[in-house]
Amino acid sequence: GNSVTQMEGPVTLSEEAFLTINCTYTATGYPSLFWYVQYPGEGLQLLLKATKADDKGSNKGFEATYRKETTSFHLEKGSVQVSDSAVYFCALSLSTGANSKLTFGKGITLSVRP
Amino acid sequence: EPEVTQTPSHQVTQMGQEVILRCVPISNHLYFYWYRQILGQKVEFLVSFYNNEISEKSEIFDDQFSVERPDGSNFTLKIRSTKLEDSAMYFCASKQGQSSYNEQFFGPGTRLTVL
């Protein structure tokens, strides 16, 4: 079946540190890939996405590249801020229309210290 | 900016009781979803809904669960007889277009606690 695996957390970094959050997937077919972020007390928000191999999604200084050969979609940011503290979810979607459900990873909590 | 809203934010109920979780999707969206996250576990798909009927449901979505769009704005999830293992955060989501890479917009969630 389809699945998403994220690295274990939580992750604690100092402000301006480099961030990598690993995500790998297993899918029957060619999925679209997403990173969602959940800030405290809020719903999940789409951070970035990529729809085909070698696409790079980017937003708010975060980047992730769709790597078909390693079935990965690792999230990176060159210099994190305190405001980036949140839970990050990697997800995939295979189908179109109403069947385009998201399959999520477990999520990882990022805490950034001033 | 339009957003998905959910009520209540926290629901506490006794085992065996019925609960209804409510969601108001974004007004021009056509596709609706419920997900749940048991504490410490993955966000799991429950059901998708389009054109006033269920499009897909997971194994979790058994006969105790039902969804409804009663009035063209609300989208509800009903659990007929709650069990302890139904305790989780429940997220509603909506999407405008049919493509798999259209964004699903999520609500803030309802935390359900079954005692």
Side-chain angles (χ1 to χ4, degrees), chain A residues 1-10 23 25-53 55 57 59 64 66 73 86-109, chain B residues 1-6 9-10 23-26 29-61 67 69 89-111:
Chain A
N2 305 315
S3 65
V4 175
T5 301
Q6 291 184 234
M7 59 185 277
E8 291 292 321
C23 170
Y25 67 89
T26 303
T28 52
Y30 301 100
S32 296
L33 301 174
F34 306 84
W35 277 99
Y36 276 81
V37 59
Q38 185 179 30
Y39 299 103
E42 298 183 17
L44 283 77
Q45 301 173 22
L46 180 66
L47 180 60
L48 53 83
K49 65 186 179 187
T51 58
K52 61 183 188 297
D55 268 3
N59 186 26
Y66 190 143
F73 193 54
V87 182
Y88 291 82
F89 296 90
C90 186
L92 67 81
S93 178
L94 267 170
S95 303
T96 59
N99 296 337
S100 57
K101 66 183 180 191
L102 289 165
T103 298
F104 285 92
K106 199 170 176 178
I108 188 168
T109 299
Chain B
E1 185 175 328
E3 58 182 14
V4 177
T5 59
Q6 290 185 243
S9 57
H10 191 190
C23 169
V24 179
I26 295 173
H29 284 191
L30 302 175
Y31 302 88
F32 312 109
Y33 306 83
W34 282 102
Y35 295 84
R36 79 172 186 189
Q37 185 180 29
I38 295 171
L39 188 64
Q41 298 186 24
K42 297 184 178 188
V43 176
E44 301 171 290
F45 167 76
L46 292 178
V47 65
S48 60
F49 192 86
Y50 168 70
N51 201 26
N52 279 320
E53 59 184 28
I54 290 174
S55 301
E56 186 179 1
K57 57 184 181 179
S58 71
E59 292 175 354
I60 303 167
F61 195 88
V67 290
R69 191 157 158 79
M89 181 73 90
Y90 288 80
F91 294 104
C92 172
S94 69
K95 186 168 74 106
Q96 183 177 39
Q98 71 172 26
S99 172
S100 67
Y101 49 82
N102 285 159
E103 179 178 354
Q104 289 187 26
F105 289 80
F106 282 78
T110 293
R111 180 169 297 285

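Quick note on labels: first sequence line is chain A, next is B, and so on, each numbered from 1.
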E3(B), part contacting chain A, at a heavy-atom distance under 4.5 Å: neither
Interatomic spacing from CZ in F89(A) to CZ in F106(B) - rounded to 0.5 Å: 9.5 Å
Euclidean distance, F34(A) CZ relative to E103(B) CD, rounded to 0.5 Å: 9.0 Å
Atom group of Q104(B) that falls short of 4.5 Å from chain A, counting heavy atoms: both
Set of side-chain contact (heavy atoms from CB on, under 4.5 Å) partners for K106(A), sequence neighbours left out: K42(B)
Interatomic distance, K101(A) atom NZ to K95(B) atom NZ [nearest 0.5 angstrom]: 13.5 Å
Q38(A), part contacting chain B, at a heavy-atom distance under 4.5 Å: side chain
F45(B) to L102(A) - nearest heavy-atom pair and separation: CB-O, 4.2 Å
More than 12 heavy atoms of other groups within 6.0 Å of Y30(A) OH: no
